[in-house]
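Here the structure comes first, spelled out in structure tokens, and everything after it is commentary.
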Amino acid sequence: MKIVSAKTTAGITDLPTVPDGRSLLAVGCSYTNEHFRSSINPEIDCSFPKWPTILGSQLGFDNVVNLGKSGNSNDAIFKQTQDYIIDNNNKVDMICVLWTTVGRLNVHDMSNINWNATYNSKFQKTAEGAPKTTYPGKIEPKDPFTIKTMRIFNLEKFTDIVENNWIKLIHEHLRNIFMLNQFSRYNNIPIYHMQGVPAYVPYLSTLPGPSGPGDSYPDWMEWYYPSLEWRERKRKEYLKALMRSKYFNILEEQTNIWGWPFERELAGTHINSEFTEEHIISEKDKHPNAKGHQLIASKFMEIINENTISSRL
Amino acid sequence: MKTLLAVGCSLTNNNFTSKPHPEMDCSWPKWPEVVGKKLGYNVVNLGKSGNSNDGIFKTAQDYIVDNKVDMICALWTQGHRLNIHDMSNVNWTYSFMDKEAVDLGDRLQKDIFNKDEFSRLLRYKHTALANEYLRYIYMLDQLGKYNNNIPVYHIQGLRGYYPYGSSTRAKANTMRKEYATAFLDSPYFSILDKQTNIYGWPLLQELEGSIYIDDPKALASYTWKEMEALTLKYKISDKDSHPNARGQKTIANRFIEIIK
């Protein structure tokens, strides 16, 4: 089986070509990246097989094309898939997508901005425990990652936009899933979806009670603890917006989305919540390790089998 | 009666008002209305001032999911507008303007980018804009196909590209050439190149394409400034380049030309 993957520095159109034979196309973020290295634990060897390779081998594909890129946004995941298939004359036999968090913005295919990281530097808790909804004064980024990812934006102006409109993120996310599904259906390519990193923006959702190891906050966010009441209210708003999106009912009828509708309150799940400590790189780096990738592959296998069996009945 | 869905930016907005000329009555018929009347269609006009190409596509996608449409006409806008998660469309040309922006909306658009860092990104990666632009046209076409083959027609309203981020005229020329090359290299170019539903294809002046306001025959023989003067008759004024009543009729005529 041949494995071809996106270069870590590849632009959206700078993609590998499909070799001859049956091909599995895998797309996603760092959870999918064939060349993933742990920035937190650089001493750990991360050259273990990633889920696309495991899955491709189990399904007997001749090739695995892995377009996973660290820091990828959902918008870019959709567009890379489409670009790749168009550029390679539909020579793909199956698509597996591991979607990422909604807090990443694709800036014209030039850069994917992980703006979620800005919240570690923007908010300060009030006496009640809720984050201030207005900018409290001077922004003091606590980590170099924020400075790096947000350097093209004025942090304050940008966060003003997302802070007041964040509820729209979920509709956008469902639209991306719908569009990729529609694209693959039109091109007669079977497609399977899974949510990797939780979709819901962590600054609103997971502090301080993580639903799994991957949901826990990094050390530099320890000072930030919104009140339980505030978190529950925001979470409800998010879930309502999810169910009200016009794409929800369409996706709800599909059987090719593992863990649908992704959120535990709606009896859904994402792969992060399936991880235990044995599935992640380390306590500090919650990316999947070798076992974690095996777990992801097995869950994809589960849904592929379910759909294959039901189509034969 | 059949329904025409019209999408675009301020050039399509049915409720357009002129910022430089707030006293002016701009209630003349916009191109969707003119096209609809001539072809006998009900018109749904989703044109929105400040819309980005991403916003234009997604507006159509969201509408079509639960509404029946018989024809789509898109008047595409500048590639210099960024859709921030459907929350705001930021026109980053303002970031490169020295003059003071006139209203709050423009102020935000001027200030949201760190101009130096963003210029650097553009200088190295601006060619990505070409593929992105063509991809939207392709995607809207596909959207029509996915939905019982709804016919889709395209025109470029505002010029799609300007080499923002260039520090010198020579660099600007290089960026233009790089952009045109990326345009030709895009996997979507060869697909769209075979189509007949795009007015002025291949849209770029450098490739002898045109936008609604250009006379393709005149393009070759006039300078940019001469063209600007010639096209003033289609615009509100020399301060507001949005189409006046005549300009809107011209857009409508261009659409009817390719529809027929």
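Any value given below was found using the heavy atoms of this structure, including those in side chains, with hydrogens, waters and symmetry copies removed. Values in this document were obtained by computation on a predicted structure and should not be read as measured data. Chain letters run A, B, ... following the sequence lines, proteins first, then strands; residues in each count from 1.
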Point to revise | Interface residue of largest heavy-atom contact number with chain A, from Arg120(B), Lys115(B), His126(B), Met139(B), under 4.5 Å | key: Met139(B)

Study note, to complete from the structure: In terms of heavy-atom pairs under 4.5 Å with chain B, the winner among His173(A), Gln182(A), His108(A) is His108(A)

Review point. Taking only residues two or more places apart in sequence or in another chain, which ones pass salt bridge (Lys or Arg N to Asp or Glu O under 4.0 Å) with Asp70(B)?
Key: Lys68(B)

**Study point:** Arg135(B)/Asp83(A) salt bridge by N-O under 4.0 Å criterion
**Key:** yes

Practice item. Below 4.5 Å from any heavy atom of chain A, which atoms of Glu132(B) appear? Answer side chain, backbone, both or neither. Key: both

Point to revise | Sub-4.5 Å side-chain heavy-atom contact between Tyr247(A) and Gln61(B) | key: yes

Point to revise | Interface moiety of Ile250(A) toward chain B, non-hydrogen atoms closer than 4.5 Å | key: side chain

Exercise for review: Evaluate the side-chain proximity of Met87(B) to Leu169(A): yes if any heavy-atom separation is below 4.5 Å, no if none is.
Suggested key: yes

Point to revise | Spacing of CD1 belonging to Ile84(B) relative to CZ belonging to Phe153(A), to within rounding of 0.5 Å | key: 5.0 Å

Review point. Checking Phe183(A) against chain B: side chain, backbone, both or neither under 4.5 Å from a heavy atom?
Key: both

Check your understanding: Heavy-atom distance under 4.5 Å between the side chains of Asp160(A) and Ile112(B), does that happen here?
Key -> no

Review point. For Phe113(B), does its backbone N or O pair with a side-chain atom of Asn154(A) as donor and acceptor, under 3.5 Å?
Key: no

Revision key, fill the gap. Between the NZ atom in Lys58(B) and the CG atom in Asn176(A), the distance rounded to the nearest 0.5 Å is 6.0 Å

Practice item. For Val90(B) and Ile161(A), work out which heavy atoms get closest and say how close. Key: CG2-CD1, 4.5 Å

Point to revise | Under 4.5 Å from a heavy atom of chain A, the part of Asp66(B) involved | key: side chain

**Study point:** Engaged part of Tyr124(B) at the chain A interface, taking heavy atoms whose separation is under 4.5 Å
**Key:** neither

Point to revise | Residue pairs involving residues 78-88 of chain B (criterion salt bridge (Lys or Arg N to Asp or Glu O under 4.0 Å); sequence neighbours excluded) | key: Arg175(A)-Asp86(B)

Point to revise | Interchain contact, Val102(A) with chain B, by part (heavy-atom threshold 4.5 Å) | key: backbone

Review point. Could you give the distance from CG (Asn165(A)) to NE2 (His85(B)), rounded to the nearest 0.5 Å?
Key: 11.0 Å

Review point. Okay, side chain of Lys125(B), backbone of Met110(A): is any donor-acceptor separation there less than 3.5 Å?
Key: yes

Revision key, fill the gap. Separation between CD1 (Ile191(B)) and CD1 (Ile86(A)), nearest 0.5 Å, reads 4.5 Å

**Study point:** Interface residue of largest heavy-atom contact number with chain B, from His171(A), Lys168(A), Lys246(A), Arg185(A), under 4.5 Å
**Key:** Lys246(A)

Check your understanding: Do Leu121(B) and Ile152(A) have side chains that get closer than 4.5 Å, going by heavy atoms?
Key -> yes

Practice item. State the CG-CZ distance between Asp62(B) and Phe178(A), to the nearest 0.5 angstrom. Key: 9.5 Å

Review point. Thinking salt bridges, do Arg151(A) and Asp116(B) make one under a 4.0 Å N-O criterion?
Key: no

Check your understanding: Is it the backbone or the side chain of Lys145(B) that comes under 4.5 Å from a heavy atom of chain A, or both, or neither?
Key -> both

Practice item. Could you tell me whether Asn148(B) atom CG has more than 12 heavy atoms of other residues or ligands within 6.0 Å of it? Key: no

